[in-house]
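Just so we're clear, the structure is a prediction, and the values are computed from it rather than from any experiment. Chain letters run A, B, ... following the sequence lines, proteins first, then strands; residues in each count from 1.
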There are 2 protein chains.
Amino acid sequence: MVEFSSNDIVVSLSAVIVSVENNRPRILILPSGDNKEYASLPSGPYSPESHRTLELGLKAWVKSRTGFDLGYVEQLYTFGNLFRSQTFEEKGLRLLTISYLALILPSGISGDYNACWQNYYDFFPWEDHRKERAASADKLLEELYDWADEASDRVRRLERLERIQFAFGGGRWDPDRLLFRYELLYEAALITEAVRDWNAWPKEERVKLPINRDNPGRLTCKVESGIPLMYDDRRILASAIGRLRGKLRYRPLVFELLPEKFTLLQIQNIVEAIDGVSLHKQNFRRLLLSGGLIKETGEMDRTSPGRPASLFTFRQSIHMERQNVQTWNGRN
Amino acid sequence: MVEFSSNDIVVSLSAVIVSVENNRPRILILPSGDNKEYASLPSGPYSPESHRTLELGLKAWVKSRTGFDLGYVEQLYTFGNLFRSQTFEEKGLRLLTISYLALILPSGISGDYNACWQNYYDFFPWEDHRKERAASADKLLEELYDWADEASDRVRRLERLERIQFAFGGGRWDPDRLLFRYELLYEAALITEAVRDWNAWPKEERVKLPINRDNPGRLTCKVESGIPLMYDDRRILASAIGRLRGKLRYRPLVFELLPEKFTLLQIQNIVEAIDGVSLHKQNFRRLLLSGGLIKETGEMDRTSPGRPASLFTFRQSIHMERQNVQTWNGRN
DNA sequence: ATATCTTATACTCAATTAGAGTATAAATGG
DNA sequence: CCATTTATACTCTAATTGAGTATAAGATAT
């Protein structure tokens, strides 16, 4: 048997906690302040002696940092590569981060905690296409084309163009590709963190960083590319939102974000907020009704103007995640 | 900042390495022997000082244990709960396992390595429905109904029945629910590991184990429920195969398991082997041809009897994972 | 009361896709 | 020539999707 030694590994648990209020998708962050330069996701170290499972560890940390009791929690990805967290690595430690996605109902934050809600489009301004294609998407696209032009040879240039096409969709805008877009923008040094990370490391290590832009210093604030976060927290956030968008399409996750009783428009608004696109109302309705996941309560919602809407509940019978594929592709 | 201490955590990397040969889906395992009671997945501890990334660490271990250079590798899930690995936990260590799925082309194993290929239906005999519904599926189903009857009250009994329905499909058999089925069988103590784990722990801890069968000792070999593996390796395997099945449906992963040039039947056979179901040949063909992922080479395959088949290659242009949803639901 | 605004809901229609099957083609070994 | 095997083309129907139009039922302004 091989000798196990892992004294130089630090395991941390990070949470992307999402809720939607007033058509705004929000996540919980711990703001920057004092000596902290960047805001960060709620997180804490995993300690086996106090936590029976990883998930319980995560919940305990989130509770202690934000006051929230998490319900629906899903593990996402474990990050462990080099060049993620300078402060740890300088001490010879490797940071291993297990990331989680959590969905909760909107609610306030007690004054005891230094956490706050923030619209996640503040971090990805190019992602919100609900009213119209986000302006910053086109600006970033221009910058990406410049970046493609800067490639050292023809093959590399074509490869960059192809990735740009895939990410920003010659044909259709695909909300699920959020992470792919983020990583492309990072590599093109259009994301603040890319430049920050590049500058932080000694010269001889720089080539190993995942930026291959020839002049990474040229990111200035002329392009709106969102608020940076600590370490690679924005990447973790991107992977979480990308996953959430994808999963929403084939699993009944929306109900985690809805009250006991809700109207069909409420569901649609939440899905649209998360996906950043507008949907065809009548078809969305048809899909929901045929899906068999919800049932009418008989009650009416009269809080909004216009004709009152039926209130629905979701069928409790579906404890199991229903595998029913539900798609809502009809754009508006 | 909170004090980080993780001297009591052991991080290991485990691989589920899949290839398909002669319509048999196989995984690489390290057989039991000497003082090892159970076979296990190839794995090794993560050591930050030698591995830049988790994935490189995994590849290095796999190379050293089996001689294989992995190509396509995908991270799956990180397991870290208590009661996973008695040997570690007795020493006060918590085992954290990051699991990976790898796909490779079929090839032999050099005599230098003590690894071997094994059909994965040996571990999940109830999962192969290609020729007909697996016989063991129905036998296990009967046992599960007994288990449901043993529930302490009516509500619990109904909940069990519902889960059984969902897993073994009143309506349709869903290959993707492999993990769900495995966990149900484990809980009903129809999986050898369940009984092993239950017996291994001191009495006062037993209630916390995820088995709530009233008499777990009654698993005998009267039901064929597959070969057990070390620790929770069979659970890891179940999650890997479940994920592979699901992902195969909407991502072009099959090509990792195919040679440069292939016939359409070869693709179909691989998909059928992995999914454990039979598909409608003509419709499968139509789907592949309309998908735009493959192109004809002009050459013919004459190695099999019958009319020769066209040889295809997959379009190299698609570096990016194509998001094209390809479904093959037409059963035979 | 009536017009107007707003949202909900019902219904239509064409285009596409899925599921299942029939028919024919091109090879092989007797 | 035959049967046998696999490949491939084509048909047909039922669903599903994407995009509309039409109508209903409230609140509010005039």
Handout entry: salt bridge (charged side-chain N to carboxylate O under 4.0 Å, His left out) partners of B:E299, counting only residues at least two apart
Key = B:K261

Handout entry: Electrostatic pair B:K139-B:E224, nearest N-O below 4.0 angstrom
Key = no

Problem - Residues B:R130 and B:S278: side-chain donor-acceptor under 3.5 angstrom - result: no

Exercise for the section: Return the value, rounded to whole Å, for the distance between atom NE2 of B:H280 and atom C1' of C:dG21. Expected result: 6 Å

Problem - Check: A:Y121 side chain, A:G276 main-chain N or O, donor-acceptor pair, under 3.5 Å - result: yes

Problem - Qualifying residues under salt bridge (charged side-chain N to carboxylate O under 4.0 Å, His left out), relative to A:R307, sequence neighbours excluded - result: none

Practice task
Report yes or no: is the cationic atom of A:R177 (NZ for Lys, CZ for Arg) closer than 6.0 Å to the six-membered ring centre of A:F166, at no more than 45° off its axis?
Solution key: yes

Exercise for the section: Mind calculating the distance between CD (A:Q268) and P (C:dT7) to the nearest angstrom? Expected result: 12 Å

Problem - Spacing of B:D301 atom CG relative to C:dA26 atom P, expressed in whole Å - result: 17 Å

Practice task
Measure the distance from CD on A:E299 to P on C:dA8 and round it to the nearest whole Å.
Solution key: 17 Å

Atom pairs under 3.5 Å, N or O on each side, protein against nucleotides 7-11 of chain D: can you list them with distances?
from: D:dA7; atom 1: OP2; to: B:K281; atom 2: NZ; distance (Å): 2.4
from: D:dA7; atom 1: N3; to: B:R307; atom 2: NH1; distance (Å): 3.2
from: D:dT8; atom 1: OP1; to: B:S310; atom 2: N; distance (Å): 3.0
from: D:dT8; atom 1: OP1; to: B:S310; atom 2: OG; distance (Å): 3.2
from: D:dT8; atom 1: OP2; to: B:R285; atom 2: NH1; distance (Å): 2.8
from: D:dT8; atom 1: O5'; to: B:R285; atom 2: NH2; distance (Å): 3.0

